[in-house]
Structure formats: structure tokens, C-alpha cells
Number of protein chains: 2
Amino acid sequence: MALQSKKKTKQSGECPFQEAMDLIAGKWTMSIVNVLMSGTMRFKELERQVTGINTRMLVKELKQLEAKKIVKRKAYATVPPTVEYSLTEKGTSLKPVLTAIQSWAISVLQPR
Amino acid sequence: MALQSKKKTKQSGECPFQEAMDLIAGKWTMSIVNVLMSGTMRFKELERQVTGINTRMLVKELKQLEAKKIVKRKAYATVPPTVEYSLTEKGTSLKPVLTAIQSWAISVLQPR
DNA sequence: GCCAATACTTTACTTTAGTATACTATATGC
DNA sequence: GCATATAGTATACTAAAGTAAAGTATTGGC
């Protein structure tokens, strides 16, 4: 617990590919990005559209995606609170990756 | 330990996209596929080329990739043993996904 | 005064991923 | 007879990912 020299930077600075994989991996990450491709969305709406996810995971993923500058968060001081999530430019630039995965999924994983 | 009715099928049968993500995620998976894109390789050679991986992880990943029909395994009864790994057709079909990730990584993650 | 709605937080787990290191079998070369 | 090489196993962990379910604050509607 004492010395925090073990910064655990995930040392993926080595290779941009590894860095990208760190970002892309995760059960929910790409699904969220995928849903957000269709536009700005509020938290509850995201929770409904990303089927199967639970609150804790969505919060966690959104925080990570925000930290990685993939997702933008905008809060309004209404009651009940309104928070809007949308993709940044970096986020939308993931589109080709998304479509590549999707077409692979459809052509290879679908029995027909 | 007793009843194994909890088959934990990872119920990704829902959506081919989720199924693809299950496959693609994992710290080492795509790196291994990437290395194997350059051709057939033996276990030790793979261990050397996939920098940073350890034996246990490589074994585990290769087993999973084999089960998912992404990788082919061919063993020869020599001493010391020879085992050759290569991509299946399904494996090589991942190329577009790989290149999409790579070009995203280079254009977005690289500072310049 | 209670319910609903939003955007979370908190607590308490279980499961999977990943790491580190030592060990095994066997023939060949020295 | 000892080291070397290959393709793993085995053991023993730690850390991260993911799940489940309840709680919080606020206010407008009934």
C-alpha cells in the first residue's frame, strides 16, 4: 500500500496497436460507442439501449470513455438531472473499426 | 462443484456483434492473430514474437482460438516436439478488422 | 404524504484475466 | 552424465471485470 512507484501505467506505450486494443476490449465498450453513433443520448436512454448492461458498468464505462476522450459528457442542472452523452471526434473516428467488426461478425459468425 | 447446469454459455447468441467482441477482446488475442497473419509458426516462435506474453497465457489463448476455429494446430511426433500453429480461413478473414484497428491506432493515438 | 423519474453511488460479491515461476518428458550433442 | 531444446503442465497468486441490489437527492404530479 505504501510506495506507489508501481504506477501500473499499463505500459502500452510500446505499441499503438496494444493501446487501441486496451481501449476496444471490454465487454461493453464498443456496444456503447455503437449506440452513441446514432447521436447524443441521456444516461437512462443509454441504459435502455445497451441491452443487458447494469448501472454500475455503464457508469464505469462512460467514465473511462470520457477519460479517453471518446465520449463527451454534458450535464444540465435540472430536476431530475439531465446528462447528455455524445461521441467526440475521436469517438466517431472509430466508425471504420466498428463496421469492420460488424461485417466480419455477420459474414463469419452468422450460420447463413 | 456438483450440478453443472449453469452452463454459462456466455449467452452472446443474441447478437453477432457481441459474439465478435467476445472473440476480439482479451489483451493478447488480436496480437496473436496479428503475428500469425505472417504465416505458420511454432509455439516457441510465437512466444518470442508476441512480446510480453507468458507461457500460460499463450497456451490458454491458443486453446481458445483453436476452439473458436480461428487457429489450426498441427503436432508432429518429433523430439523435441514440433507443433505448428496457423490461421484458419475464419482467422485470416479477420484481416480487415485488424487493419481497421491498426489504422485507427496510428491516426488517432499517435501524437503525430 | 407517497410515487415516479433521473443520474448516479455504495456495498458486497463472483468470475475471469493475467502474472510468476517451477517442473516434465525425451533424444541428441558434447 | 549434463546441458539443451520444445511444448507444454502445475501451482499459487493478484488484479481487473462484471453482477446484483439497494440507497440518495430533488421536485412535480396525484
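Keep in mind that this is a model prediction, so the values were computed, not measured. Naming: A, B, ... by sequence-line order, numbering from 1 per chain.
Using a 4.0 Å heavy-atom distance criterion, A/Tyr85 is classed as a sugar-phosphate-only contact. Within 4.0 Å (heavy atoms only), A/Val79 reaches at least one base atom of the nucleic acid. Counting non-hydrogen atoms under 4.0 angstrom, B/Glu61 reaches the backbone sugars and phosphates but no base. Nucleic acid contact for A/Thr82: sugar-phosphate only, since backbone atoms but no base atoms lie under 4.0 Å from a heavy atom of the residue.
For the OP1/OP2 pair of D/dT19 and a distance below 4.0 Å, the side-chain nitrogens and oxygens of A/Lys60 include no atom meeting the criterion. Look at B/Arg48 and you won't find any side-chain N or O under 4.0 angstrom from OP1 or OP2 of D/dA7. Close to C/dT16, at under 4.0 Å from its OP1 or OP2, lies no side-chain N or O of A/Lys27.
To the nearest 0.5 Å, atom CD1 of residue A/Ile32 and atom CG of residue A/Leu87 are 10.5 Å apart.
Comparing C/dC8, D/dT6, D/dA20 by their nearest atom to the side chain of A/Val59 picks out C/dC8. Considering only the side chain of A/Pro80, C/dA5 comes nearest among D/dA20, C/dG18, C/dA5.
Side-chain N/O atoms of A/Arg56 and base N/O atoms of D/dT19 include a donor-acceptor pair closer than 3.5 Å.
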Decide side-chain contact (heavy atoms from CB on, under 4.5 Å) for B/Leu58 and B/Trp28; before the verdict, give the C-alpha distance in whole Å, the side-chain angles of both, and the deciding distance to 0.1 Å. CA-CA 8 Å; B/Leu58 185 53; B/Trp28 303 107; over 6 Å; no
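Per the geometry, CG belonging to B/Leu58 stands 12 Å off P belonging to C/dT19, to the nearest Å.
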